[in-house]
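Everything numeric in this text was worked out from a predicted model, so none of it was measured. Numbering starts at 1 and runs along the sequence shown.
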Amino acid sequence: MLHTTGALLTIDVTDGTAESHPIDAVQERFIGGRGVATKLAHETIPYAVDPLSPANSLIFTTGPLQTSTMSFTGRMNCTGVSPLTDGLVSSNAGGFMSRTFAATGYGAVRLKGAADELTIVHVTDTDVRFEAVPQLTDATVPETCAYIAETHGLGSEHVACIGPAGERCVRFAAIMTSESRAFGRGGLGAVMGAKRVKAITFDGSSAPTVALPEVSMEVHREAATSDHIMKQQGTTSVTELANEVSALPTRYFSERSFAGVEGISGDRVAEKKYKRGTCSACAFACKLPTRDAATGIETEGPEYETVMAFGSNCGVDDIVDVMRSNALCDRYGLDTISCGNTIAAYLAAEDRFGDTALITELVEQIAHREGVGDLLAEGIARAHTELGVEDWTVKGLDFAAHDGRALQGQGLAYATSNRGADHMYATFYAWEYPLVDAAESVDREGTAGKAAAIIAQENARALEDCGVVCRFSRGTMTPERYESLFDAPYDELEAVGASVVTLERDFNNHRGFDRSDDTLPYDLPDFDASLDAYYRLRGWSPAGIARAGDDMVAD
Ligand code: SF4
């Protein structure tokens, strides 16, 4: 089975030391990416850890495909205990850092401890250096990238950094790479901020070579020649369809379709797109560099999730306003989904939907924990009581944009996800929309009979994250192509994905998570019976407790 190579580099920023040791057995078992990082987290992070304490870790990993030239591989993984969900999360970012990371020759890089002052950690294939940077306190993401470019000659593709939000441990702060790409969900930027690490850079010329079969060229050719609408509109191509089937959360989840959808649709985004945007090696190029000539706002995106969070969910019907919010979140290092949803909660409390000036002010206040921003920086689950609004989260993570009340298998998947209400964990929504390219579409009504299919999708997504393969390879990366690329039968590969899900669950069970956390703020038909079926098929107890095998779980 194809897997990553290269040692684990453990960096203790408390005393400025680094050491490496081989992790071959872990790599052979878990391939790379989220799998290797989850296993390492399980072995090294204490179950009872405070996410913002020095004992938490950030574990960066790529997969075995990140040294190739195949499309859909310009992504990498970061894993740690989330200050937002309080469980283990793996976050996935695109951009160009997967290649500069792979060039260090390490298979995984783990940050632990906490520095005395703000620090940049420089990792190369020959050494690890620690640079005190108190002058970068409160620096934005572009300012931090500019400093590193000027003083070290490293472009933003070498950099993972935080902005003011991460420094202030905003619970949904992102780690930004390639300046505009985010390890967004779960607040790992706050973990980096608690470690007083402003940035980590990767550089070298020790990337392992990987010889992929001819099928990798087939994938690349298909990515290049595809006429998929995502190439023009990215994920916003689904906005109007979601609205039509009442799956577009609106005005803090109080409605599910938005009268102003036309102003924030994929067509409006495409009008603002001024050049192609992509990730390393990817000919699909679905990214969205956008610019508005009238206001001078320039950003990358917004993606569909941001269109929901800062658009319909905030009652905003002008794509330029959503672009402004997107740009501010990237600048300050904030997850756009959680930031927009949390602001929507505040707008609901104050009955000020559509107040774009207030939204801009709130993003600033959250990033700097000023005024009410200090409360909102805690996220919806911790702030909703004081705000006097409903808690629209699962496990502390606020909902993504594909509404589970309309796409009800996706609703069940939000409940079962170890990461909380995250659409990328199973991407079950993709099978419930009436899309022409969904060969195996599923009736979106109800949850009965969907548990097995959700498990299959969760396992497939976990396998992608081990690879690391982009979600949008859907339709191109068939099981047969996985078998060819990874040199193993698909059932063995899918079993790796299943092991990763179970390991995450086991870690979270040790932190007190159980069935009572797999809940939704709304009712779905047959929900309890479907949850029972899900646990049974996973081999977990009716209380949602995983039984990870001895080969997976550290003593
Ligand atoms: S499909 Fe889009 S998000 Fe995925 S790697 Fe390619 S450009 Fe990046």
Side-chain angles (χ1 to χ4, degrees), residues 84 172 174 184-185 235-236 238-266 268-269 301-329 334-363 365-366 372-373 376-377 379-381 383-384 387-394 396-407 410-411 414 420-424 429 520-522:
L84 193 63
F172 44 87
R185 304 244 68 190
T235 51
T236 63
V238 80
T239 307
E240 288 183 295
L241 176 61
N243 196 58
E244 277 169 31
V245 300
S246 298
L248 179 63
T250 297
R251 295 191 177 84
Y252 192 56
F253 305 101
S254 64
E255 301 165 56
R256 292 192 278 122
S257 59
F258 185 44
V261 68
E262 197 274 335
I264 56 171
S265 66
R268 297 291 83 73
V269 173
E303 298 289 350
Y304 169 59
E305 297 296 324
T306 314
V307 161
M308 177 281 293
F310 276 106
S312 58
N313 222 21
C314 284
V316 171
D317 61 4
D318 186 335
I319 198 64
V320 177
D321 291 316
V322 181
M323 286 169 59
R324 181 184 296 105
S325 299
N326 192 74
L328 279 175
C329 285
L334 287 161
D335 174 28
T336 58
I337 305 176
S338 288
C339 190
N341 284 337
T342 307
I343 287 174
Y346 182 80
L347 299 180
E350 299 292 315
D351 194 19
R352 291 179 69 176
F353 286 117
D355 188 335
T356 54
L358 176 61
I359 291 168
T360 298
E361 191 182 328
L362 289 170
V363 177
Q365 289 185 345
I366 289 169
V372 73
L376 300 182
I380 291 169
H384 77 97
L387 292 175
V389 298
E390 289 180 42
D391 180 8
W392 278 88
T393 70
V394 175
L397 190 76
D398 46 281
F399 279 84
H402 309 276
D403 201 303
R405 291 167 289 182
L407 311 167
Q410 177 59 54
Y414 283 137
D422 172 53
H423 62 303
M424 286 297 192
Y429 63 87
L520 296 166
Y522 47 83

Please evaluate residues Asp351 and Arg251 with respect to the criterion salt bridge (charged side-chain N to carboxylate O under 4.0 Å, His left out), reporting the C-alpha separation (whole Å), side-chain torsions for both, the decisive distance (0.1 Å), and the verdict. CA-CA 10 Å; Asp351 194 19; Arg251 295 191 177 84; over 6 Å; no
So, taking the atom named OG1 in Thr342 and the one named CG in Leu84, what distance separates them when rounded to the nearest 0.5 Å? 7.5 Å
Under 3.5 Å, is there a donor-acceptor pair between the side chain of Thr235 and the main chain of Tyr304? yes
Beyond-backbone contact of Val238 with His402, side-chain heavy atoms, under 4.5 angstrom: yes
Atom OG1 of Thr306 and atom CG of Asn313: how far apart are they, to the nearest 0.5 Å? 12.0 Å
Within a strict 4.5 Å, meaning less than it, do heavy atoms of the Ile366 and Ile343 side chains meet? yes
For the pair Asn243 and Ser257, evaluate side-chain contact (heavy atoms from CB on, under 4.5 Å) and give the outcome as yes or no after the intermediate values. CA-CA 5 Å; Asn243 196 58; Ser257 59; 3.3 Å; yes
In terms of ring plane angle, is the pair His423 and Tyr429 parallel, tilted or perpendicular, where the classes change at 30° and 60°? tilted
Taking the side chain as every heavy atom from C-beta outward, state whether Ile359 and Asp321 have any pair of such atoms under 4.5 Å apart. no
The reported gap from CD in Glu350 to CG in Leu358 (rounded to nearest 0.5 angstrom) is 8.0 Å
I'd like to check the side chain to side chain donor-acceptor pair (under 3.5 Å) partners of Ser325; sequence neighbours left out, ordered by chain and number. none
Correct closest heavy-atom pair for Ala400 and Pro249 would be O-CG, 4.2 Å
Shortest non-hydrogen pair, Gly340 vs Cys314, comes out as O-SG, 3.6 Å
What heavy-atom pair brings Gly354 and Val316 nearest, and what distance separates the two atoms? CA-CG2, 4.2 Å
Which residues pass the side chain to side chain donor-acceptor pair (under 3.5 Å) test with Asp318, sequence neighbours left out? none
Would you check if Trp392 and Asn341 make a side-chain contact, meaning some heavy-atom pair closer than 4.5 Å? no
Closest non-hydrogen contact found for Ile264 with Thr239 is O-CG2, 4.0 Å
Please lay out, stage by stage, how Val307 and Ile319 fare under the test side-chain contact (heavy atoms from CB on, under 4.5 Å). CA-CA 8 Å; Val307 161; Ile319 198 64; 4.0 Å; yes
Which heavy-atom pair separates Ser338 from Asp335 by the least distance, and what is that distance? OG-OD2, 3.2 Å
Measuring from atom CG of Asp398 to atom NE2 of His384, what distance do you get when rounded to the nearest 0.5 angstrom? 12.5 Å
Flag side-chain contact, heavy atom, 4.5 Å: Asn326 against Phe310: no
Say you draw a straight line from OG1 of Thr236 to CD of Glu303; how long is it, rounded to the nearest 0.5 Å? 7.0 Å
Do Glu390 and Ile380 come close enough that some side-chain heavy atom pair is under 4.5 Å? no
For residues 306-316, pull every pair meeting salt bridge (Lys or Arg N to Asp or Glu O under 4.0 Å), keeping only residues two or more places apart or in separate chains. none
Roughly how far, to the nearest 0.5 Å, is the CZ atom of Arg352 from the OH atom of Tyr346? 6.5 Å
Using 30° and 60° as the class boundaries, would you call the ring planes of Tyr414 and Phe399 parallel, tilted or perpendicular? perpendicular
Contact between Glu305 and Thr336 at the side-chain level, heavy atoms closer than 4.5 Å - yes or no? no
Closest non-hydrogen atom pair, Gly263 against Arg268: O-CG, 3.4 Å
Pairwise side-chain contact, Leu376 with Leu387, heavy-atom cut-off 4.5 Å (strictly under): yes
side-chain contact (heavy atoms from CB on, under 4.5 Å) between Leu520 and Val394: does it pass, once the steps are laid out? CA-CA 6 Å; Leu520 296 166; Val394 175; 3.9 Å; yes
